[in-house]
Amino acid sequence: MAPPREEPAGAPRPAKGALTPRQQDFPRWYQEVVARAELADNGPVRGTMVIRPWGFAIWERLQAALDGRIKAAGAENAYFPLFIPESFLRLEAEHVEGFSPELAVVTHGGGKQLEEPVVVRPTSETVINSYFAKWVQSHRDLPLLINQWANVVRWELRPRLFLRTTEFLWQEGHTAHATEADARAYALRILRDVYVDTMERVAGIPVVTGHKTARERFAGATRTWTCEGMMGDGKALQMGTSHELGQNFARVFGIQYADEQGVLQYAWQTSWGVSTRLIGALVMAHGDDAGLRLPPDLAPVEVVVLLVRDEGGARAAATQLVDELVAAGHRVRLDDRVDTSFGRRSVDWELKGVPARVEVGPRDLAEGIVTVVTRHDRSKSSVPVGGATVAVSEALAATGAALYDEAAATLARRTTDVVDPSQAAEAAAGGFVRVPWAALGTDGEAALAAQAVSVRCLQTADGSLADADTPEEDLVAVVARAY
RNA sequence: CGGGGAGUGGCGCAGCUUGGUAGCGCGCCUGCUUUGGGAGCAGGAGGUCGCCGGUUCGAAUCCGGUCUCCCCGACCA
């Protein structure tokens, strides 16, 4: 036990090397967690990102959870090219208008200037739809449900690791349907069965859902559905969107099918995506002053067995415990770096967010016990050696629920209702604000924008999704500051 | 585009006003002692002080230019 360091009288200083407390400077805390949990580094080109093994392992688990649900919804994976003819982007007026400022354009290749510049995809609507036009001929070809895992590039002027980077990884789904109703139903199915389900049940982040205002809508979409999460500082993060594209792209790219009567019809389409931004959401929604807190389903390592000292049979006991935990189906790591101090190792695993830790040392072992520590509340309990595996399983199950419950409580506590739009901006300083859309309107939305507050989504008074025929005056706007 | 700030070892910074060829914390390497909550001691490695030019016997420091980054505003979404 180290004696407390001499500190000058006055305000308590954080321990040497501690993270900046969230309340003191949330953005700085975020940067420090990303760096010290070894999630990512900045790339050599401004705005680019190196995803480190710990961060990438989290992404792989998110990817697996999403991919399984996407396939369960009937979509198939495919891959389309990184390079898109610049002319494709220009075909859909709103689309190109939305993206042109952030396009990376390749003007040279093979040592000479290209006749037609090539853009690096900011999204693949245009390329994919040009092929949909070839593949869709008959109503029997519909629905056509395609997903791709890819990188995209949007030149960002204010990059932040995971949240807004020039290049990021994502999944983009693109579908074509025979009817508007079918397209809408599918966009909503993806929103609920894939996105909300993954975010809430796997990532443990409760989300607010609704549709975007015209101002916030995806360029080229007729309706954009969104999942908005609340971060630890009360700001909103758009975590995933599912778009109804109407027939906008179908008309431009000529995606037509012969219906049962042999009459040519334009297809109705959707597109939907989530990205590595979700890792940023995980950090900001669950993290605390000790670092990251990972839901067990996404943790690369669920439980670390920490050998306190290599004495008194502790190593053998630790090794055996690792075997038992693996046999019980857990992802386990043994930390036997006994030349590094106990405190350092504990702190490091807490920074990385590993949900459970078992400390195996000679002192406990002499009494036939080990210490089980749960990350989410940093609680410790002594359990008999033989009961450690069961205790860990229980701790992991409790962690998943606890993280969700905590986030849901924060969301509820920091969401307020106002009736007067003039109160919205001030109320949004601390979280989400629900204000009647009829009272706010597009003018109110513009006024809020001047104060860095945006309408995150529109929903019904009871918080559910609006039907196609829900009157505008029945809608509620959820407004917040956002990342 | 306007205003403000900053470029010094992997990271964070001091030194600059009053020129004398670089220092601190963390991290890193080696050894010993430690190890139940960010270990201690000793010894080391690592920097053409963003870049170009000028003044000077001598420039991180003074002067001119230039590049980059950050913050605020504007613009855009």
Side-chain angles (χ1 to χ4, degrees), chain A residues 1-7 13-20 25 27-28 31-38 41-48 50 52 94-103 122-123 154-160 164 212-221 224 226 238 241 289-291 304-312 314-315 317-318 335-352 357-367 369-373 375 378-382 442 445-446 448-456 482-483:
Chain A
M1 241 188 294
R5 298 194 311 141
E6 292 283 354
E7 295 289 0
R13 309 182 69 84
K16 185 167 53 175
L19 290 168
T20 299
D25 188 342
R28 184 166 178 179
Q31 285 188 300
E32 290 177 359
V33 172
V34 168
R36 294 177 55 182
E38 300 182 344
D41 262 343
N42 282 305
V45 172
R46 178 174 159 74
T48 61
V50 175
R52 302 183 65 179
E94 281 187 43
H95 192 62
V96 67
E97 193 182 324
F99 279 108
S100 57
E102 47 195 42
L103 290 181
T123 174
R154 300 175 185 179
W155 214 262
E156 288 291 350
L157 299 177
R158 299 208 189 288
R160 302 189 65 182
R164 179 174 287 114
K212 291 290 188 183
T213 61
R215 185 189 179 93
E216 301 282 339
R217 194 193 290 148
F218 173 69
T224 290
T226 182
Q238 177 176 301
T241 47
D289 285 349
V304 58
V305 174
L306 196 154
L307 176 61
V308 178
R309 275 184 291 156
D310 191 0
E311 295 169 14
R315 179 178 292 275
D335 182 350
D336 61 353
R337 301 170 298 163
V338 290
D339 50 339
T340 300
S341 79
F342 171 82
R344 161 54 59 103
R345 290 184 289 151
S346 301
V347 164
D348 281 351
W349 290 117
E350 284 169 8
L351 261 171
K352 287 181 169 252
R357 179 168 81 246
V358 186
E359 300 169 358
V360 181
R363 207 160 75 198
D364 282 352
L365 226 41
E367 300 172 37
I369 59 175
V370 293
T371 301
V372 175
V373 190
R375 173 65 183 90
R378 301 177 83 188
S379 67
K380 294 191 175 193
S381 58
S382 296
T442 51
E445 183 182 21
L448 286 177
Q451 298 168 76
V453 174
S454 55
V455 176
R456 304 316 303 157
Y483 281 100

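Worth saying up front: this structure is predicted, and the values here are computed from it rather than measured. Reminder, nothing fancy here: chain letters follow the sequence lines and each chain counts from 1.
- In this structure A:Trp155 satisfies the side-chain hydrogen bond (donor to acceptor under 3.5 Å, both in side chains) test with no other residue, sequence neighbours excluded.
- Look at A:Ser341 and you'll find a side-chain N or O under 4.0 angstrom from OP1 or OP2 of B:rA39.
- Residues satisfying the salt bridge (charged side-chain N to carboxylate O under 4.0 Å, His left out) criterion with A:Asp289, sequence neighbours excluded, are A:Arg22.
- Looking at residues two or more places apart in sequence or on another chain, you find a side-chain hydrogen bond (donor to acceptor under 3.5 Å, both in side chains) between A:Asp335 and A:Arg337, A:Arg345, A:Trp349.
- Position along RNA chain B of the nearest nucleotide to A:Arg28 versus A:Val308 favours A:Arg28 as the more 5'-ward residue.
- When only modelled atom types and interatomic distance are considered, A:Glu445 and A:Thr213 share a side-chain donor-acceptor pair under 3.5 Å.
- Rounded to whole Å, the separation between the C1' atoms of B:rU8 and B:rG50 comes to 10 Å.
- A:Arg357 comes within 4.0 angstrom of a nucleotide base, judged by non-hydrogen atoms across all strands.
- Contact check, A:Arg344 against B:rG27: a side-chain N or O comes under 4.0 Å of OP1 or OP2.
- Rounded to a whole angstrom, the distance from the C1' atom of B:rC71 to that of B:rG31 is 47 Å.
- Scanning for side-chain contact (heavy atoms from CB on, under 4.5 Å) contacts around A:Pro159 gives A:Arg46, with sequence neighbours left out.
- Both key distances under 3.5 Å define a Watson-Crick or G-U pair, and stretches of 3 or more such consecutive pairs in RNA chain B run B:1-7 with B:67-73, B:10-13 with B:23-26, B:28-33 with B:39-44, B:50-54 with B:62-66.
- Results of the salt bridge (charged side-chain N to carboxylate O under 4.0 Å, His left out) test with A:Glu350 over A:Arg344, A:Arg378, A:Arg36 single out A:Arg378 as the only residue that passes.
- For B:rG37, its base sits under 3.5 Å from the side chain of A:Lys380 at one donor and acceptor pair at least.
- Contacts of A:Asp25 classified as salt bridge (charged side-chain N to carboxylate O under 4.0 Å, His left out), with partners at least two apart in sequence or in another chain: none.
- B:rA42 and B:rG5 have their C1' atoms separated by 42 Å, with the value rounded to a whole Å.
- Comparing B:rG36 with B:rG12, their C1' atoms sit 32 Å apart, to the nearest whole Å.
- Residue A:Arg378 is classed as a base contact, given a heavy-atom separation below 4.0 Å to a base.
- Taking atom P in both B:rG7 and B:rU17, one finds a spacing of 15 Å when rounded to whole Å.
- Using a 4.0 Å heavy-atom distance criterion, A:Glu311 is classed as making no nucleic acid contact.
- Rounded to whole Å, the P atom of B:rG20 lies 14 Å from the corresponding atom of B:rG15.
- Comparing the C1' positions of B:rG2 and B:rA22 gives a spacing of 38 Å, expressed to the nearest Å.
- With RNA chain B read from its 5' end, the first of the two nearest nucleotides for A:Arg215 and A:Pro362 is the one closest to A:Pro362.
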